[in-house]
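Below is one structure; the comments refer to it alone.
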Amino acid sequence: MTATIDFLSHLNPSQRRAVEHFCGPLLVVAGAGSGKTRALTYRIANLILEHRVDPENILAVTFTNKAAREMKERIQKLFAERLAIAEFGERFELLPEYDQVQLKSRVWRTYIKDLWCGTFHSLFSRILRFDIEKYQDEKGRRWNRNFSIFDESDAQSLVKEIVTKQLNLDEKKFEPRSVRYTISNAKNQGLSPQEFAKEQPNYRGRVISEVYSYYQDRLAENNALDFDDLILMPVRLFQQNEQVLGYWHSKFRHILVDEYQDTNRTQYELISLLVTHGETKRSNWEWRDRSVFVVGDADQSIYSFRMADFTILLDFQQDFGDGLPDEDTRTMVKLEENYRSCENILQAANQLIENNTQRIDKILRATRGAGEQIFSHKADDEMAEAEFVINQIRTLERQNPELDWGSFAILYRTNAQSRPFEDILVRLGIPYTVVGGLKFYDRKEIKDVLAYLRAIANPADTVSLLRVINTPRRGIGKATIDNLVGAAQELGTTLWEILSDETSVNTLAGRSARSVNNFAQMISRWQEQVETLPVSELLQGVLEDSGYVQDLLNQGTDEAEDRVQNVQELFNAVLQFQEENEEVTLQAFLASTALSSDLDNLKEGQTAVSLMTLHASKGLEFPVVFLVGLEQGLFPNYRSMNDPNALEEERRLCYVGITRAQERLFISHARERRLYGNREPAMRSQFLDELPEELLATHHLGRIPYTKGVGSSTSQRTTVGKQSFGENWQVGDRVLHKKFGEGEVTHIFGSGRKISLAIKFDSLGQKIIDPIVAQLQRVE
DNA sequence: CATTGGCAATTTTTT
DNA sequence: ATTGCCAATG
């Protein structure tokens, strides 16, 4: 127990309240860099240690697989350190390696293995592997436990096929991309094809609802689910099957959700069902040995295009909590102390986000020194911008021994912006990693090989079968394939039913019958091995017997060689997956490939410059951050500029970017940028003008100073904020804000340095403002 | 049937 | 500038 106390002692009072929370609901409003991951991991450890909660009764939802992995690792470390003291009387790091390994694996087995920790998608795909056979949709479609998970490109080709082949519609008028997006939105609102159809007043909507219905048919035929189904289907299943819901409800007694501001309606529904057992009357809710603990920050909500809805976070107090105002509530904790960034960076972030109207009152407090000024740079074009950035990186790296390549991040709005940076980095031989963009699992050769595996795991997966039936060439042409598929459709069975029957093939395939039968026998052979062989050996067999690798080698081109390399990497991925998990099934491996993002592969401790989109940067931090391409139309993106809500989201994205920086922040834009091959003039982003001028440096004189931001910098800038510090604000005071105009103080939160004011502006309504950050003048 | 070349559309962000 | 799609050709 003493060890328990000692880990609680690293926490500030708010964090401590969060960590020590046991039963009932709690909302943790956690600003950027406020130590929320620490709060989450410590709380889980505390539940297990202090409250004797069995790990298998804990459900922890994270936003990425990487976050899940890290969370498990951190908890494991916590336990290992504690046990080291208890059993060896020695700090974990000081133990001999053998003991460390032993201890770690024991901790894994007793505490971590049974913890349900992952993304919504991976967690609920796992639940579906148990219970999907008890589900039947409104049209009687059914799935079995071997279901395939179709990724976004699979889903889109399916839609495309339905639009063009099945409904003979104009691809221009019904772009598969946009139709798929509409369907996805419908699913994320929990609407079935029929329910969606009822809401469609116009032709287009009705057509899309028809596509949606066919789309579900096709998924079911293939025994496949898309990403949205992984969430929606459990909701439906829970709603229609009391027993299934009861089982999972009583299993998951403690539910934690990270990045709660990025959950959508169906995800919320899922959590709600598990927490309340589908009971609508609050008085019937059982909190005796249960909790729901959510962590989030509305200011970092950047996924509304994926139907994320941060009002879910704002409503938590009403939905689950006591609904009391902030001063009295016992179901909300705010983490406002920022441990990550220097004060200048934080002030910039705070002031930028003040421009948003939809917020929860929260202000980030600096705990570190002022640090250097933020540097803003205007370049001629995107090449010059890249040169500027890389030059800064080289200079800083050379001048500061504590910085290595991994200390730098270049963040941009769109994936396409990475090129010029990569070009220069390659030229100079500086190590770098691009996260996101062209995903490993999206490469043709990887998709091909995975299609083999998917067809083996799930014979109903016709899409995958068709992908590989003639890859590499086996002389099975379009005509024979059409014949076989046509027959399957005629009979209402799967393609595999036909393929696996030699006689049918002989009648249908004519000249190619031999090839088809060979192919089918090959697949059958592998299917028999699924239960007995480890996935790695199965894959090896596939690569050899299918002739896929041989075919690539025969091509002899550089490109083909690259592909062989990638296939080899896939094989390594299987080996790694087998090392990290016990009892690896083919389905589990395939699910991990479908649900893993590039982000998950970002390795800790690699000393390479990181390039990524702002979205991908969420949750990460770097000593030095470059925010590039701040131009109207690019960032904020032109598609968001006419919609106030979308514009606020862009601003939150900028806020996320700024708050990734620990010590230094550079912001740049270009005067001219290449777009689709031709040059276009560009205007500086409006966000630049929303940053506090006095924190921005625009010219530099030779060297760029770099001092670690711990302790105050020596610069004597007097910020406007400093002038208003110490003012005695009172409710009713009239103030003038530089941007928002005149308003009246309606509430005062905190005091001294921690003061913030609620101000009702005459034109814009109420906002919470930090008088130290904002430039307020008293009126009258 | 498979390869090649020309033309068009394309870029927001992702589990 | 790059990628995907279609039509014409051996």
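Basis for what follows: all heavy atoms, side chains included, without hydrogens, waters or symmetry-related copies. The sequence lines fix the lettering, A, B, ..., with proteins before strands; numbering per chain opens at 1.
Contact between the side-chain N/O atoms of A/Lys172 and the OP1/OP2 oxygens of B/dA8 is not found at any separation under 4.0 Å. Within the 4.0 Å cut-off from OP1 or OP2 of B/dC1, not a single side-chain nitrogen or oxygen of A/Asn470 is found. In this structure, A/Asn415 does not reach the B/dT11 phosphate: none of its side-chain N or O atoms is under 4.0 Å from OP1 or OP2. Distances shorter than 4.0 Å separate some side-chain N or O of A/Arg473 from OP1 or OP2 on B/dT3. Applying the 4.0 Å criterion to OP1 and OP2 of B/dT15, one finds that A/Thr64 has every side-chain N and O outside that range.
Contact check for A/Lys187 versus A/Tyr215: side-chain heavy atoms found under the 4.5 Å cut-off. The shortest side-chain heavy-atom distance between A/Leu508 and A/Thr480 does not fall under the 4.5 Å cut-off. When side chains are defined from C-beta on, A/Glu672 does not count as touching A/Glu680, because their heavy atoms never get closer than 4.5 Å.
Comparing atom distances between the A/Arg419 side chain and each of C/dT2, B/dT15, B/dT14 picks out C/dT2 as nearest. Here the nucleotide nearest the side chain of A/Lys160, chosen from B/dT11, B/dT14, C/dC5, is C/dC5.
Nearest-nucleotide positions on DNA chain B place A/Glu175 closer to the 5' end than the other of A/Glu175 and A/Thr613. Residue order along DNA chain B, read from the 5' end via each residue's closest nucleotide, puts A/Arg177 first among A/Asp228 and A/Arg177.
A distance-only check finds a donor-acceptor pair linking the side chain of A/Thr659 to the backbone of A/Tyr655 [under 3.5 Å].
Shown here for A/Glu650 and A/Pro636, the closest heavy-atom pair between the two residues is OE1-CA, 3.2 Å.
A/Lys478 has its NZ atom 12 Å from the P atom of C/dC6, to the nearest Å. Rounded to a whole Å, the CG atom of A/Asp226 is 18 Å from the P atom of B/dT14. Rounded to a whole Å, the CG atom of A/Asp381 is 14 Å from the P atom of C/dA1. To the nearest angstrom, C1' of B/dT14 lies 12 Å from CG of A/Asn65.
The stacking criteria are not both satisfied for A/Phe120 over the base of B/dT15, which would need a centre-to-centre distance under 5.5 angstrom and an angle between ring planes under 30 degrees.
In this structure, A/Phe635 reaches neither bases nor backbone, as no heavy-atom distance under 4.0 Å exists between it and the strands shown. A/Glu152 comes within 4.0 angstrom of a nucleotide base, judged by non-hydrogen atoms across all strands.
Below the 3.5 angstrom threshold, one finds no donor paired with an acceptor across the side chain of A/Arg306 and the base of B/dT13.
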